[in-house]
Every structure is written in C-alpha cells, then in structure tokens.
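Reviewing the structure listed below.
No hydrogens, no waters, no symmetry mates; every other heavy atom, side chains included, goes into these values. Protein chains get the first letters and strands the later ones, always in sequence-line order, with residue 1 at the start of each. Predicted model only: the values in this text are computed from it and were never measured.
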Amino acid sequence: MAYWLFKSEPSTWSWDDQVAKGDAGEEWDGVRNYQARNIMRQMAVGDQGFFYHSQTEKAVVGIVEVIAESHPDSTTDDDRWDCVDIKAMRGLSTPVTLDQIKAEPRLAEMVLVRNSRLSVQPVTQAEWDIICAMGA
DNA sequence: GCCAACGTTGGC
DNA sequence: GCCAACGTTGGC
C-alpha cells in the first residue's frame, strides 16, 4: 500500500466537507497540474492519504482512503485532467501543523517541506508513521 | 496583503 | 525550442 497527501484550502473544500460525504466519498477534482495528475494516476484503491489544510490552518487534519482509481475529471471537458475519488477515514486527535513538521528533522525531506505548492504529493512509509504518531 | 517560487503560455 | 511574460499558489 502506498501513502499520499492531499492539500486543500479549507475555504474551498474542508475536512468537514469531506467527512460529510461519508463512505460515498468525493472526486478529488479541480487539479490542473501535470505533476499532481501524474501522482494521482499512480494511486490504487485502498491507498491511504493525509488530508492537509493549507493557508489559514496549515496542518494535517485527517486520513482518507482512495476509493476509485484515476478517471476523467467530471468538472472539465478537457481530457488532459484526471482525478481519483477519496473518502474520509478518521480525523487526527491532534492536527499536525506545518510548524511541527518543519521542526522534525526526520521530515525535512517531505515534499510538503520541499515543494509546498504541489497539491497532491507522495508520502513515504516512514513519514506516514511519524505523522500518525504525532497526531495520535 | 505581499512576495517568492513555480508552472504554463505564447511569441519569436 | 527558447525564453519572457504572466498567472497561481501558499507561506509569512
């Protein structure tokens, strides 16, 4: 199983919005970036991901599961853009903030730290375990 | 609200 | 195919 990170502005699509969708989940649509799209194309059903709030909160707030592999993005007619579907699994007891992540030397190589603008990112097993422990 | 970083676009 | 201009994103 692989791990990922999904970034969203809470004012556009928040963790609460995602939770409200329940097990039906929702398309992770609107991505218009080749790098992010290519990462989504690598995802498999059952993979897990962090749900990260950018801008005001800047923290990992929850864990999601991929429930549909990459397919055309229904919000555009442009066939270049794909998306996956995800559903909320559980919230973190304590959100893990960007400050905490930057303060943890073992997370210095995270894409979130290295390339903060990428909206969909891969996460390693080690990074996953560390952040889960920090948020428990 | 500003600015730096980055990606995309379009003219040549 | 290069590069300047522009738009977007996200941290501060």
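A sub-4.0 Å separation between OP1 or OP2 of B:dG7 and a side-chain N or O of A:Gln35 is present. Between A:Lys7 and C:dG11, a side-chain N or O to OP1/OP2 separation shorter than 4.0 Å is absent. Look at A:Tyr52 and you won't find any side-chain N or O under 4.0 angstrom from OP1 or OP2 of C:dT9.
For A:Ser54, the side-chain atoms get nearest to C:dG10 when compared with the rest of C:dG10, B:dC6, B:dG7. Considering only the side chain of A:Arg80, B:dT9 comes nearest among B:dT9, B:dC6, C:dG10.
A:Leu98 comes within 4.0 angstrom of sugar-phosphate atoms only, judged by non-hydrogen atoms across all strands, and of no base.
Side-chain contact annotation: A:Arg32 with A:Thr75, donor-acceptor N/O pair under 3.5 Å present.
Nucleotide B:dT9 holds its P atom 11 Å from the CG atom of A:Asn33, rounded to whole Å. Atom P of nucleotide C:dT8 and atom CD of A:Gln55 are separated by 14 Å, given to the nearest angstrom. The nearest whole Å value for the distance from the NE2 atom in A:His53 to the P atom in C:dT9 is 17 Å. Taking atom CD of residue A:Glu9 and atom C1' of nucleotide C:dG10, one finds them 8 Å apart after rounding to whole Å. B:dT9 atom C1' lies 11 Å from atom OH of A:Tyr34, rounded to whole Å. Note: CZ (A:Arg32) to P (C:dT9) measures 11 Å, nearest angstrom. In this structure, A:Asn115 atom CG and C:dG10 atom C1' are separated by 11 Å, rounded to whole Å. Atoms CH2 (A:Trp81) and P (B:dT8) sit 6 Å apart, rounded to a whole Å.
The two residues A:Gly46 and A:Glu65 come nearest to each other via the heavy atoms CA-OE2, 3.7 Å.
Shown are A:Met43, A:Gln18, A:Lys21; of these, the side-chain contact (heavy atoms from CB on, under 4.5 Å) with A:Ile86 is made only by A:Gln18.
For A:Phe51 and A:Trp28, the ring centers are positioned less than 6.0 Å apart. For an aromatic pair to be called close, the ring centres must be under 6.0 Å apart, and A:Phe6 with A:Trp15 fails this.
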